[in-house]
Amino acid sequence: RRSVVIVLNKFKQKLSDMSKNGVTIPVKPIMLEQLIKRQTEQKDIKVEITSTKIVIKGTVGDVSYKIKLKPAQMEKRMIVFEIESIQPIDVNRDDMIIFRNPPFSGYTKETVKMDFNSWDIVKKVPVGKIKTYEMNDGVINLTISL
């Protein structure tokens with residue numbers, strides 16, 4: 001009986017810490033690459049995460065592209081990114097098929113919403129929203145508040 005109380009107290013403390021500090025989940029470039037590759041017509045996908053932006057390179061049909069996204073704001077479990085640049089520059093942004101499927105949930109000519117619920121690792125934390133995020137070279141660390 002005493003050991004059950006100890007285990008329950010440790011669980012309560014861990015839950016209290018998680019409620020106060022949130023749960024940090026690392027999102028790596030390969031995870032984003034895999035989600036984009038699920039989309040039809042997407043080939044040669046390569047994602048780079050720096051401390052200030054996400055760079056996505058790929059090919060759709062015969063057109064190679066490069067997109068730079070800069071984080072602008074958070075909404076629930078999404079981060080809204082400003083489209084910093086798209087190459088080739090003459091590409092019609094309305095035709096950017098890449099932004100119509102997970103992990104992207106919407107876009108305008110200036111912004112893209114990335115829904116982090118597209119990742120199974122984030123789905124494992126069923127409640128809460130993004131409290132903070134930090135982009136380091138090679139990873140986005142999301143902190144989900146409970």
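Here the structure is a predicted model, which is why all the values come from computation and not from measurement. Positions are given from 1 along the sequence.
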Non-hydrogen atoms of [X] and [Y] that approach each other most closely:
X      : Y      : result
Pro71  : Thr52  : CD-O, 3.4 Å
Pro88  : Ser64  : CD-O, 3.3 Å
Tyr133 : Ile140 : CB-CG2, 4.4 Å
Gly138 : Pro29  : O-CD, 2.9 Å

Same hydrophobic cluster for [X] and [Y], using side-chain heavy-atom links shorter than 4.5 Å among ILVMFWY?
X      : Y      : result
Val80  : Leu142 : no
Val112 : Met78  : no
Met114 : Ile30  : yes

State, with a plain yes or no, whether a side-chain heavy atom of [X] is found less than 4.5 Å away from one of [Y].
X      : Y      : value
Val55  : Val47  : no
Met135 : Ile54  : yes
Asn136 : Thr50  : no
Leu32  : Val27  : no
Glu82  : Glu110 : no
Glu84  : Lys53  : yes
Phe116 : Ile25  : no
Thr111 : Phe81  : no

Intermediate values then yes/no, side-chain contact (heavy atoms from CB on, under 4.5 Å), Ile83 and Tyr107
CA-CA 9 Å; Ile83 299 173; Tyr107 70 99; 5.5 Å; no
Gap between atom [atom2] of [Y] and atom [atom1] of [X] - 0.5 Å precision:
X      : Y      : atom1 : atom2 : value
Asp115 : Glu75  : CG    : CD    : 10.5 Å
Leu35  : Ile45  : CG    : CD1   : 11.0 Å
Ile49  : Asn141 : CD1   : CG    : 9.5 Å
Ile56  : Glu48  : CD1   : CD    : 11.0 Å

Evaluation steps, side-chain contact (heavy atoms from CB on, under 4.5 Å), between Lys28 and Met31:
CA-CA 5 Å; Lys28 299 178 181 173; Met31 299 162 82; 4.1 Å; yes
Give the C-alpha distance, both sets of side-chain angles, the deciding distance and a yes or no for side-chain contact (heavy atoms from CB on, under 4.5 Å) between Lys46 and Glu33.
CA-CA 6 Å; Lys46 189 70 184 150; Glu33 290 170 10; 3.8 Å; yes
